[in-house]
Amino acid sequence: MPERNEVSWTAMISGFFRGGRVKESMWYFERNPFQNVVSWTAAINGFVQNGLNLDAMKLFRRMLVSDVRPNDVTFTSVVRASADLRDFVLGMNVLGLIVKFGFEQNISVCNSLITLSLRLSEIDCAQRIFDRMETKDVVSWTAILDMYVEMGNLKEARQIFEDMPERNEVSWSAMIARYSQSGNAEEAVELFRQMVQDCYDPNRSCFASIISALANLKALQAGMNIHGHVTKIGLEKDVFISSSLIDLYSTCGETEDARLVFNLISEKNVVCWNSMVSGYSKNGQLEKAKEVFDLIPNKNKVSWNTMIAGYLENEQWDKVFEVFNQMLLFGEMPNKSTFSSILCACATMASLEKGKNLHGKSFKLGLQNDVFVGTALTDMYAKSGDIMSSKKVFSKMPEKNEISWTAMIQGLAENGFAEESLILFEEMEKTNSSLVPNELILSAVLFACSHCGLVDKGLWYFNSMEKVYGVKPNTRHYTCLVDMLSRSGRLSEAEKCIETMPWKPDYNTWAALLGGCFTYKDERIANRAAMKLWEMGEDSEEKSGGYVLLSNIYASAGRWVDVLNTRKLMKEKGLKKSSGCSWVEVRNQIHHFYSQDGNHNQSEEIFDGIFGKTRVDVECGCKIKKNGHMCMMAVAGTTGHMDKYKAEADSIYKTANNILDKSDKLSNCPAA
DNA sequence: GACTCTTAAT
C-alpha cells in the first residue's frame, strides 16, 4: 500500500469532483491533513466545474480567512465563478485581491478577467485588460476575438483572427462556431476546409460546430462524411457531437438515423434528449416526440420549450397550452423563448384574452424588453385585431430588429391601416440605416400597397426591389403584385405579369388572378386562369380553393353546367372543399366553427352567451352560423374593439353577404 | 488550470 501524501489527497478531491460527487469530495477535503493552496484550489475549482459557484466563493472566503495564500490557479477559478454568477461587484472585489496579491500580469488570470468582462458586457474593460497585458498567448487572442463576435462584429473578429500571431484548434474552433451560430454556415464550412488544409486537428468542439453548420445547410452527404470520420477516430459517442448529428439527420428528414445516433450515446445529457424531441417534432412525428419528452430524466427549460415549439409548429394549439400549463405546474419558470412561442400560438388563434394575460405574466418576469417577446406581443395584438395595443408595445420596444418591423408593418396593413403601414416602412428606412429591408418586409409592403389600392406605388416598390434593396422577388412577391393588380381591376396587366414571371407561377398566383376575375366578373380571363389551375392539378386538399373560386364564378354567372363539371372534377380528383374554420374563446374554452358543416354543437348557447348583449353582436350572430370568420368581428365587439372595426365593418359585411349569396346560389343550383 | 462546443423562440 503506497503511502498517502499531499498529492494523493488532492487527487482524491479533484477526482470525486470530476465525477460530480461533491459530497465525497468535500469529505476528503475536510479530513485532508496536508491542506495547502493546491488542495484548496482543487476544491474551489471543483465547485466551479460543477456549477456551484456560490459554494466556490464561500470556500474561497474560508481560504482567505485561514491565511492560505491563493495562487494564479485559484484566481482563475474564482474569476470564472464570478463570471458564471454574472456578478460585477464580486468580480471587481476579486480584481482588487488580484492586484493586492500581485497577479495582475499573470496571463491566465488576465485571460479569465477578459472573459469575465465579456460576460458582464464590459467591453471597454475587456479591451483595456487585453491592451495592458505585457505578454499575450493564444487564449488571450481567442478571448478578444470572441469579444468582437459577441459585439456582432464578425468582420472585425475575422480581422483579428487573420492577424493573430499564433492560432490553435480553439481559435479555429471559436471562429467556426461563431460563424455557424450567426447563420453564416457557408463561411463556417469554408473555414473548416481551410483548417484541415492547414493541418490543424479539429477537436470535438469543432466537429460539433461544423456538423451544426452542415445541418443548417441541409448538407446531408457532407455531414455523413464527417460522421464517418468522427466514428473512425472514436468520437461518435461524444454528447456534443452526437447532439449535432441528431440535429443534422432530423433536419434532413432522417429521424431514424437520428435515433440510431441517440441510442448510441452512453451518457445522455439533457441537450441530446432535447435534440431528439426537436428532431421528431421537426418531422411532424409528435407522438414520438412526446414519448421521448416524457422519458427525459431531468427536464430543463429548453426541454419544455422544445415540446411547446413542436406542437406550435404542427399547429396543435390546444396542446401548446396544455404543455405550457404542465410546465408551470412542474415549477419550471417560463423564459423569453417560452413566451415567444406561446404568444405566437395566441396570435394564430387571435386569442386576445390569453395574450393579454401572458403579456402581464411576461411583464412580471421582467421579459417585456426582450426583442423576441416584444415582437411576439406586437404580432399577437395585431393578429387579434387590437392594433392600438400592438402599436403601444412596438413603440415601447427598446430594441427592434427587422422581424419586429415586419410584424408591425404587416399588422397595420392587415388591420386596414395600409397607409400608416407604408409610412412606418418609410420611417424605418429613414431612421434605421443598419436595417436592410428583407424579402419578408417587402412582401408586407406590397401587401399594404395592394390593400390600400396604391397600385403605382406598389409597382414602384416591386420594380426597385432588386435595384434598391438587392432582394430578388420571389413567388410571394409576384403573388402580391398579381393580387394588387387584380384587386384594382387591372386584370390583363396581372395576367401579363404572371406570363413574364421568370419561373413557373405557383398555385396561389393564379388563384389571386382568379379572385380578381370574380370581383370584376371577367369570365374570359377567369377561364384562362382556371385552365392553368387545372393543368397544375395539384391534388392536395388545401389547394382546392381555386376550384371553389372557379365554381363560384360560374355560379355567379348562372352557368350551372360548368358549376357541376367543376364539382365533378373536384370529386374525381378526390378534392374536398377545405372547410373554413374560425374559433372563439368562451371562458377559457376554445370553440371551433367550420364553415362547411356549419353548426357547432353549442352554437346557440355560445351566441346567446356572448353576443346577446349588444345590437351589433346580435346582428353578427346570425351570420356567424354561416360564416365562421364573422366570429372575430363579434369577439372584437364584446372585447370593446368594435369601433376600430367600424370603418371596415361595411366591407366585411359585404364580403360575408357575398359568401352567403354564393352559397345560396349553389343551393339554388338545380342538381346540386 | 484558462479560451472554443451541442438543443428551444419573434
| remark: Whole-Å distance, M333(A) CE to dA8(B) P, equals 24 Å
| note | Here the distance between atom P of dT10(B) and atom CZ of F394(A), to the nearest Å, is 18 Å
| remark: From the candidates dT6(B), dC3(B), dA2(B), the one with an atom nearest any side-chain atom of T142(A) is dC3(B)
| said: Does a side-chain N or O of S278(A) approach OP1 or OP2 of dA8(B) to a distance below 4.0 Å, or not? | reply: yes
| remark: In whole angstroms, the gap separating C1' of dA8(B) from CH2 of W273(A) amounts to 18 Å
| request: For L343(A) and dA9(B), give me the distance from atom CG to atom P, rounded to whole Å. | output: 15 Å
| Lys/Arg N to Asp/Glu carboxylate O, K288(A) vs E291(A), below 4.0 Å | no
| task | Look at all strands and tell whether N203(A) reaches a base, only sugar-phosphate, or nothing, counting heavy atoms closer than 4.0 Å. | result | base
| NA contact type, A143(A), heavy-atom cut-off 4.0 Å: base, sugar-phosphate, or nothing? | nothing
| task | Remember a base hit wins even if backbone is also touched, and classify Q49(A) as base, sugar-phosphate or nothing at under 4.0 Å, heavy atoms. | result | sugar-phosphate
| said: OP1 or OP2 of dA2(B) versus the side-chain N and O atoms of R80(A): is any pair under 4.0 Å? | reply: yes
| Taking NZ, NE, NH1 and NH2 as the nitrogens, is one of them in R259(A) or E254(A) under 4.0 Å from a carboxylate oxygen of the other? | no
| task | Mind calculating the distance between CG (N335(A)) and C1' (dT10(B)) to the nearest angstrom? | result | 13 Å
| said: Regarding D238(A), tell me which of base, sugar-phosphate or nothing describes its non-hydrogen contacts under 4.0 Å with the strands shown. | reply: nothing
| query | Are any side-chain N or O atoms of S117(A) and backbone N or O atoms of I123(A), one a donor and one an acceptor, separated by less than 3.5 Å? | reply | no
| query | Looking only at heavy atoms, which two atoms of S281(A) and N314(A) are closest? And how far apart? | reply | O-ND2, 3.1 Å
| Within this structure, what is the CD-to-P distance between E313(A) and dA8(B), rounded to whole angstrom? | 10 Å
| Has K361(A) got its NZ or CZ under 6.0 Å from the middle of the six-membered ring of F339(A), at an angle within 45 degrees of the ring axis? | no
| query | Which one, dA8(B), dA9(B), dT6(B), comes nearest to the side chain of F372(A)? | reply | dA9(B)
| request: Quickly work out the I210(A) CD1 to dT6(B) P distance and round it to whole Å. | output: 12 Å
| task | Could you work out which one of dC5(B), dC3(B), dT7(B) sits closest to the side chain of T115(A)? | result | dC3(B)
| query | Any idea which of dT4(B), dA9(B), dT7(B) is nearest the R119(A) side chain? | reply | dT4(B)
| If you check the A208(A) side chain, which of dT4(B), dC5(B), dA8(B) turns out closest? | dC5(B)
| What are the two closest non-hydrogen atoms of F29(A) and S39(A), and how far apart are they? | CE1-O, 3.8 Å
| Check: S77(A) side chain, dG1(B) base, donor-acceptor under 3.5 Å | no
| request: Among dA9(B), dG1(B), dT4(B), find the nucleotide with the atom closest to the side chain of S108(A). | output: dG1(B)
| message | If you compare every side-chain N and O of K282(A) against the phosphate oxygens of dA8(B) (OP1, OP2), does one of them come in below 4.0 Å? | response | yes
| note | Out of dT10(B), dT4(B), dG1(B), minimum distance to the side chain of V170(A) belongs to dT4(B)
| query | Is a donor-acceptor pair below 3.5 Å formed from side chain S340(A) to base dT10(B), judging by atom type as modelled? | reply | no
| query | Between I211(A) (CD1) and dT7(B) (P), how many Å, whole number? | reply | 11 Å
| What are the two closest non-hydrogen atoms of M349(A) and W317(A), and how far apart are they? | SD-CB, 3.4 Å
| task | Return no unless some side-chain N or O of Q181(A) is found under 4.0 Å from OP1 or OP2 of dT6(B). | result | yes
| request: Check if the side chain of S112(A) and the base of dA2(B) share a donor-acceptor pair of N or O atoms closer than 3.5 Å. | output: no
| request: Remember a base hit wins even if backbone is also touched, and classify N300(A) as base, sugar-phosphate or nothing at under 4.0 Å, heavy atoms. | output: nothing
| message | Counting only side-chain heavy atoms from C-beta out, which of dT4(B), dT10(B), dG1(B) sits nearest to I403(A)? | response | dT10(B)
| field | Options dG1(B), dT7(B), dC5(B), nucleotide nearest the side-chain atoms of D72(A) | value | dG1(B)
| message | Side chain of V139(A) only, heavy atoms from C-beta on: which candidate in dG1(B), dA8(B), dA2(B) is closest? | response | dA2(B)
